[in-house]
Amino acid sequence: MNTDTSQAPALRRASRIASIAVSEILRIGARAAQLKREGRDVIVLGAGEPDFDTPDNVKQAAVRAIEEGQTKYTLLDGTLALKAAIARKFERENGLSYAPDEITVGAGAKQVIHNALMATLDEGDEVVVGVPYWTSYADMIAIAGGKTIEVPCSEENGFRMAAADLERAITGRTRWVMLNSPSNPTGAAYSEAHLRELAQVLLRHPHVWLMCDDIYEHLIYGDFAFRTMAQVEPRLKARTLTINGLSKAYAMTGWRIGYAGGPKPLIGAMAVVQSQSTSNPCSISQAAAIEALDGPQDILAERRRSFQARRDLVVDGLNAIAGLSCRRPEGAFYTYASCAGVMGRRTPGGQVLHTDIDFCQYLLQDHDVAVVPGTVFGLAPYFRISYATSQAQLQTALERIGRAVAQLV
Ligand SMILES: Cc1ncc(COP(=O)(O)O)c(C=O)c1O
């Protein structure tokens, strides 16, 4: 008989997470970190966060909140003061009016999406998502018992969902359609005209609700005008959850504040989920978020200009490399470039590149650049670059990618 009680018993995982693996992005990050520890000068273009610092006025507001003793539990899904600031933001920037009980605040947009899915999905309910997509969507849908219905958004369609494809994807079991504009991973954004086409489809299917993930709203370039569905088609507002957050626009990824506006019954159901998981988001971060939303906004335009210059540097640089091609995205801080032109070619080490994963491994292993293969996001052969890093780093990375491709035979 085994009497060794120090041995941990085998863990039986819940079936709801059985299909969910640790993200490939984290694996690439870990490999890049390992190479760095070995002394290699690896440039990591994988991170989904701005390299800028949180604005000083926001930090100061957090310090004041601590000193004033705002360190206790708050109302479950956001203080009234923060909800008022969010209501002003929706009004000012999107022409949308939401009452306090139509607004929810969570620990990041991620928690807000998770709450909405957990609050509404029953086993086998369907959620329509355009491919390529932010991988967390599919995992969160699976945890909530739902089924992801993928709609291809090809490069020819600007990585956007065509209205006819949306129509085909909708069934009697569809609960949600997720729209992410500008998108992670492609940077593609939906124009008002395109949203109107999608709205026509959704108006024909009143049982379908819409989640608009607008987290990259402020990272939009040139004269492209950001629009969100509830604003473009008010008849859909009563079944739309308009999601946003502080992470990307105000460089506040670590503060964990995301929010959404939506119909009161949905917001109430989401509060039930949050009440038995994390309760209120951090009181100090909420105070800081009020300052971010109500304080001076000039930083947004400044950072947008900087991101736009980086986008152009990366897109032009990639398109100058024979074998790669890259669409110029409207927003976010990602490019999604095709590496179809190098598939089947051989590395100096003799390896044939069959997939975008092979290509990305070659870039990391032999040329010290970490990027994420399109396979991770559901559309291959592509690779995603996050250009939320300095122009000098981007320039060096492009030179390395150029050299890597030139060495293929
Ligand atoms: C498309 C998209 N939505 C939501 C989020 C979540 O942001 P947060 O939870 O930091 O607010 C991210 C983060 O990478 C994202 O890329």
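Whatever order the structure lists ligands and atoms in, that order sets their numbers, starting from 1. Model, not experiment: these values are computed from the prediction.
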Could you tell me whether some N/O pair between Lys110 and ligand 1 is separated by less than 3.5 angstrom? yes
Backbone or side chain, does any N or O of Tyr216 fall under 3.5 Å from an N or O of ligand 1?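 Checking ligand 1 against Tyr216, an N or O pair does fall under 3.5 Å apart.
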Only counting residues at least two apart or in another chain, list the ones meeting salt bridge (charged side-chain N to carboxylate O under 4.0 Å, His left out) with Arg175. Asp125
Just to confirm my output: which protein heavy-atom neighbour is closest to atom 6 (C) of ligand 1, and how far is it?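 Ranked first by proximity to atom 6 (C) of ligand 1 is Trp134 CH2, 3.6 Å.
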Which heavy atom of the protein is the closest neighbour of atom 3 (N) of ligand 1, given with residue, atom name and distance?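 Here the closest protein heavy atom is Asp213 OD2, 2.6 Å.
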Can you list the residues that meet the ring pair (Phe, Tyr, Trp, His ring centres under 6.0 Å) rule with Tyr250, with sequence neighbours excluded?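 Here no residue qualifies.
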Determine whether the aromatic ring centres of Phe307 and Tyr216 lie less than 6.0 Å apart.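 No: the rings miss the under 6.0 Å criterion.
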Among the heavy atoms of [X], does any lie under 4.0 Å from an atom of ligand 1?
X: Gln111; value: no
X: Ala109; value: yes
X: Gly245; value: no

Within 45° cone of Tyr98 ring axis and under 6.0 Å: Lys237 NZ or CZ: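 Because its charged atom sits under 6.0 Å from the ring centre and within 45° of the axis, Lys237 does stack over Tyr98.
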Could you tell me whether the side chain of Pro373 reaches within less than 4.5 Å of the side chain of Ile28, counting heavy atoms only?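 The answer is yes; the side chains approach within 4.5 Å.
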State, with a plain yes or no, whether a side-chain heavy atom of Asp214 is found less than 4.5 Å away from one of Asn94.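 A side-chain contact under 4.5 Å is absent here.
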Nearest heavy atom to atom 7 (O) of ligand 1: which of Ile215, Ile243, Leu246 does it belong to? Ile215
Any atoms of ligand 1 less than 4.0 Å from a non-hydrogen atom of [X]? List them with their elements.
X: Lys248; result: 12 (C), 13 (C), 14 (O)
X: Asn184; result: 1 (C), 16 (O)
X: Asn180; result: 1 (C)
X: Arg256; result: 8 (P), 9 (O), 10 (O)

Between Glu126 and Thr171, is there a side-chain donor-acceptor contact under 3.5 Å, judged purely by atom types and distance? yes
Would you please classify the geometry between the Tyr137 ring and the Tyr133 ring as parallel, tilted or perpendicular, with 30° and 60° separating the classes? tilted
Parallel, tilted or perpendicular, judged at 30° and 60°: which one describes the rings of Tyr336 and Tyr382? parallel
Between Glu49 and ligand 1, which residue portion shows a heavy-atom distance shorter than 4.0 Å: side chain, backbone, both, or neither? neither
